[in-house]
Amino acid sequence: MNLVGVYRAGSSWLHRTPAGVKVGALVLISIGALLVDSPWIAAGLLLASLAVLLSARVDLRLLRRPLVVLLLLGLSLALFMWWQQGAGAAVVAVSRLLTLALLAWTVSMTTRVSDMLSVLLRVLAPLRRVGVDPARVGMTIALAVRSVPLLLATVSTAQQARQARGQGRSLTALGVPVVVRSARIADELGDALVARGYDPDED
Amino acid sequence: MTIRFEDVHLEHAGRPVLRGISADLTEHRIGIIGENGSGKSSLARTINHLHAPSRGRVVVDGVVAAQDPKGVRRKVGFLFPDAAAQIVMPTVREDLDFSLRGLGLSRDERAARVEASMAEQGLSAHADHPCHLLSSGQQQQLALAAVLLREPDVVVADEPTTLLDLRNLRAARRRFAELRQQLVLVTHHLELLEDVDRVLLVADGRIAADGEPAEVVARYRRMMA
Amino acid sequence: MTIRFEDVHLEHAGRPVLRGISADLTEHRIGIIGENGSGKSSLARTINHLHAPSRGRVVVDGVVAAQDPKGVRRKVGFLFPDAAAQIVMPTVREDLDFSLRGLGLSRDERAARVEASMAEQGLSAHADHPCHLLSSGQQQQLALAAVLLREPDVVVADEPTTLLDLRNLRAARRRFAELRQQLVLVTHHLELLEDVDRVLLVADGRIAADGEPAEVVARYRRMMA
Amino acid sequence: MSASPTTHADSTAREIAYVAVFAALIVALTLFPAIEIGISPVPITLQTFAVTLTAMLLGPRRGALAVLAYLALIAIGLPVAAGYRGGLGVFAGATGGYLVSYLPAALLVGWLAGMALRRTRPTPWLILAGVAGMPVIYAIGTGWFMAVTGMELGPAVAAAITPFVVVDAIKVALAAIVTAGAVRALPTLRR
Ligand SMILES: Nc1ncnc2c1ncn2[C@@H]1O[C@H](COP(=O)(O)OP(=O)(O)OP(=O)(O)O)[C@@H](O)[C@H]1O
Ligand SMILES: Nc1ncnc2c1ncn2[C@@H]1O[C@H](COP(=O)(O)OP(=O)(O)OP(=O)(O)O)[C@@H](O)[C@H]1O
Ligand SMILES: O=C(O)CCCC[C@@H]1SC[C@@H]2NC(=O)N[C@@H]21
Ligand SMILES: [Mg+2]
Ligand SMILES: [Mg+2]
């Protein structure tokens with residue numbers, strides 16, 4: 001499962017909020033969450049972010065698997081922190097972890113990637129003076145987002161092929177086809193950029 | 001050899017893709033056709049348990065796929081649409097040898113079988129060539145050779161003839177026709193179905209027609225009109 | 001519109017792939033056929049200077065490809081074998097908008113053209129969908145729409161119909177037949193050549209036959225026998 | 001099919017495509033299985049494998065750019081860090097140092113791998129190149145971990161290094177083997 005490019009059009013207040021506000025709030029809240037060391041406040045923050053996620057009225061089925069992975073991560077963090085620093089610290093650490101994840105999911109489910117990119121471009125604009133070309137950065141990131149589903153499919157096809165050949169565990173049997181396919185996808189994508197008139201030196 | 005689908009259901013990301021497929025495949029050669037996205041590849045992949053049905057089961061020659069995936073994969077060889085996806089080793093010889101791993105053969109025995117297979121497929125001259133510099137037709141040949149080396153009882157081929165020229169298409173067709181194994185062939189190349197004994201038409205995750213190739217293909221053509 | 005090949009030679013990794021191709025393509029629709037590895041794709045890719053000839057040159061409507069690659073790419077739209085591979089942006093709307101970059105259009109003008117194109121192709125309902133969720137037929141449609149948005153004078157399509165079902169194949173064929181642009185179509189689907197005005201047969205990097213579709217296809221069939 | 005580069009702008013466009021696709025490969029391998037182990041707040045991921053592989057295949061420049069693009073994806077809020085987390089906050093978290101450390105690690109590994117690949121039998125040298133990246137990752141990762149959690153060096157090492165050394169060494173070795181295989185399978189890969 002993949003939470004990249006999961007944006008679906010919607011009409012909740014979160015969909016209407018400008019991308020810059022959401023991304024900025026994500027930064028501020030997540031840094032705020034790190035400064036909190038009261039278990040009560042941390043837990044409150046977690047509940048608040050859960051409420052925010054639910055208010056986006058998005059398809060929650062997409063989150064099933066990520067949630068399982070995240071909760072496992074939270075569980076081992078809780079045990080570790082409890083053992084190391086006691087229950088209060090465990091609550092803070094786990095709430096922090098979950099808050100960050102839930103808010104990031106909310107942002108990516110209610111914001112177009114292109115809108116996130118325009119925010120990034122604005123933030124990077126000052127770096128133009130030190131030789132960073134924001135347009136090129138934006139292009140690279142958009143292409144990476146586009147490529148994620150292609151690469152997830154590549155990995156899963158290679159995994160199936162290795163199983164079909166009766167070698168379910170060999171990592172070379174997974175790695176070599178994945179790399180070869182990735183290189184081919186990169187070549188094809190480069191061809192497409194060139195053929196479609198992309199010029200990295202303009203914009 | 002019997003491939004039995006018993007009320008097979010399958011979902012991808014919560015969306016039903018197969019909605020109750022039941023059939024007994026006993027013929028030597030079976031074709032599967034249907035529109036893009038109808039579920040052909042998904043169905044083919046349940047045969048060797050690359051996909052696990054959410055309901056129902058697949059039984060190959062008495063072996064329940066879900067209970068013994070390794071067992072069915074010994075019986076069933078699988079060809080993917082893109083031959084490059086199933087070539088795992090750097091050179092032709094190594095890739096063929098890879099198929100013989102884990103079968104308890106001696107080094108010499110393996111080498112001998114690989115040589116024989118290359119000779120049979122006309123790949124000997126390319127033994128030490130990087131696989132991905134071979135032509136599409138040759139890669140397709142290599143993929144089939146690698147599958148046959150494991151001596152499966154059934155070969156499932158998912159659109160194995162895309163991008164082939166007339167000569168390679170004809171050669172592939174001949175190779176499939178000569179196969180002594182049972183063959184399940186998913187394809188959009190309708191002329192390949194002249195060689196099969198039975199055709200299943202898949203539509204929206206169900207079997208919409210099943211029978212004589214000529215009849216089922218005609219039905220498909222009408223459906224697509 | 002004239003596409004002129006003047007003694008075009010091309011090497012890949014030191015190996016000759018095109019060995020002196022000369023032709024003037026002036027017809028509305030031109031087909032290119034030939035065996036796997038004969039050089040069809042390589043030839044097509046010299047038209048918009050994806051490959052640089054090692055000798056000779058390609059001139060499109062008076063523009064020398066090697067001297068003004070951007071210029072020929074404004075004139076020539078290119079469709080690749082795998083439609084999914086030429087979709088470069090995450091969603092349908094963004095991908096179409098990408099085509100309009102660098103043409104000096106205003107934001108609103110771009111948005112309007114993208115909307116119009118989506119409406120025309122029946123893709124409006126998918127505007128904000130991630131491209132990988134489109135069906136293969138829709139991806140093919142999107143790829144063509146993205147090319148046409150730049151209003152090229154020529155469309156070069158390299159096997160654009162692989163993996164399509166009968167209905168999508170027919171729809172693609174209709175779309176190509178209705179194209180007012182000049183079309184250069186590389187294909188193994190010989191039935192698509194019924195719609196073209198002239199066919200080139202490429203063999204081993206040279207033009208082996210050139211003329212009436214029916215004749216050239218017959219020649220190809222004999223060659224492949 | 002890699003085409004002959006025709007102009008400078010074209011090769012830049014192609015380089016961007018490589019960087020983006022391998023950034024996406026790092027994402028795909030990170031999301032693949034973020035496995036939980038015993039009792040540590042740091043997950044086992046295939047990131048170290050993916051970053052090492054990318055650096056070896058693409059070299060220091062493009063390899064580091066791919067890592068940078070991956071970090072940018074996290075930064076803009078896409079949930080592609082381990083455990084499907086995302087946003088700048090991830091960098092401020094306990095495992096943020098690991099993410100940042102991938103950058104110098106990719107530069108070092110990519111550079112060493114370039115030399116390894118010129119040998120006739122590159123695999124052992126590639127393994128060494130990969131292993132050389134591990135101290136970089138651990139040093140930055142653990143330092144950061146201590147700063148964020150306020151833990152002492154001893155327990156921090158027990159939480160952030162000890163559980164991973166063996167698995168990471170295996171992952172790095174596998175990346176080396178895959179690289180050697182891939183370069184033989186596709187000789188045009190590393191120009
Ligand atoms: N891994 C996956 N995740 C989500 N959906 C999937 C996945 N694989 C297939 N699907 C969906 O399942 C449906 C059936 O797909 P399948 O590949 O079986 O069709 P098909 O009949 O083989 O089509 P084609 O002729 O295009 O090969 C399609 O709607 C497809 O989008
Ligand atoms: N990037 C490349 N590097 C090295 N060799 C190449 C490259 N691209 C093509 N070739 C070789 O050039 C020759 C012509 O290839 P090309 O792709 O033009 O053939 P084609 O006629 O399009 O074949 P097909 O019908 O299989 O698509 C082949 O031998 C191929 O292996
Ligand atoms: O938050 C993240 O995404 C970073 C996770 C870092 C995991 C570290 S990297 C080194 C070590 N090896 C592992 O497999 N996991 C840890
Ligand atoms: Mg299919
Ligand atoms: Mg071709």
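The basis for the numbers below is simple: all heavy atoms, side chains too, and nothing from hydrogens, waters or symmetry mates.
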In Å, rounded to the nearest 0.5 Å, how long is the span from OG1 of A:Thr140 to CG of D:Leu65? 8.0 Å
Side chain from CB out, backbone as N, CA, C, O: work out which of these in D:Phe49 comes under 4.5 Å of a heavy atom of chain A, or both, or neither. side chain
Can you tell if the side chain of A:Val179 reaches within under 4.5 Å of the side chain of D:Val178, non-hydrogen atoms only? yes
For D:Leu189 and A:Ala183, work out which heavy atoms get closest and say how close. CD1-CB, 3.3 Å
With a 4.5 angstrom heavy-atom cut-off, could you sort out which part of A:Val178 is near chain D: side chain, backbone, both or neither? side chain
Interatomic distance, D:Leu88 atom CG to A:Leu100 atom CG [nearest 0.5 angstrom]: 10.5 Å
Do you know which two heavy atoms are closest between D:Gly87 and A:Ala104, and how far apart they sit? N-CB, 4.5 Å
Give the member of A:Val68, A:Leu71, A:Ile29, A:Leu97 that has the highest number of heavy-atom pairs under 4.5 Å with chain D. A:Leu97
Flag the pair A:Met116 / D:Leu78 as yes when at least one side-chain heavy-atom distance between them is below 4.5 Å, and no otherwise. yes
Contact class of A:Leu26 relative to chain D, heavy atoms under 4.5 angstrom: side chain
Spatial distance of atom OG1 (A:Thr172) from atom CG (D:Leu174) [nearest 0.5 Å]: 7.5 Å
So how far is it from A:Leu174 CG to D:Leu29 CG, rounded to the nearest 0.5 Å? 8.0 Å
Just give me the residue among A:Arg96, A:Met139, A:Gln84 that pairs up with chain D most often, heavy atom to heavy atom, under 4.5 Å. A:Gln84
With only heavy atoms counted, which part of D:Ala13 is less than 4.5 Å from chain A, the side chain, the backbone, both or neither? both
Winner by heavy-atom pair count (cut-off under 4.5 Å) against chain A, out of D:Ala92, D:Ala94, D:Gly181: D:Ala92
Checked A:Ser156, A:Ser147, A:Ala93 vs chain D; the most non-hydrogen pairs under 4.5 Å come from A:Ser147
Lys/Arg N to Asp/Glu carboxylate O, D:Arg14 vs A:Asp191, below 4.0 Å: yes
Within the structure provided, determine whether D:Val27 and A:Leu151 are in side-chain contact (heavy-atom separation under 4.5 Å). no
Contact between D:Arg85 and A:Leu70 at the side-chain level, heavy atoms closer than 4.5 Å - yes or no? yes
Give me the atom names and distance for the closest heavy-atom approach of D:Ala182 to A:Val176. N-CG2, 4.2 Å
Quick check: closest heavy atoms across A:Ala101 and D:Tyr84, and the distance to 0.1 Å? CB-O, 4.4 Å
Non-hydrogen atoms of A:Ser182 and D:Phe22 that approach each other most closely: CB-CZ, 4.0 Å
Minimum heavy-atom distance between D:Ala24 and A:Val148, given as atom pair plus value: CB-N, 3.7 Å
Select, from A:Ala144, A:Gly175, A:Ala33, A:Ala192, the one with the greatest count of heavy-atom pairs under 4.5 Å involving chain D. A:Ala144
What I'd like to find out is whether the side chain of D:Tyr18 reaches to under 4.5 Å of the side chain of A:Leu189, using heavy atoms alone. no
Which of the residues D:Ala9, D:Ala20, D:Ala66 is involved in the greatest number of heavy-atom pairs with chain A at under 4.5 angstrom? D:Ala20
Is any side-chain heavy atom of D:Ile76 closer than 4.5 Å to a side-chain heavy atom of A:Val23? no
Side chain, backbone, both or neither of D:Leu53 within contact of chain A (heavy atoms, under 4.5 Å): side chain
Distance col, row D:Asp10:CG vs A:Tyr198:OH, nearest 0.5 angstrom, shows 11.5 Å
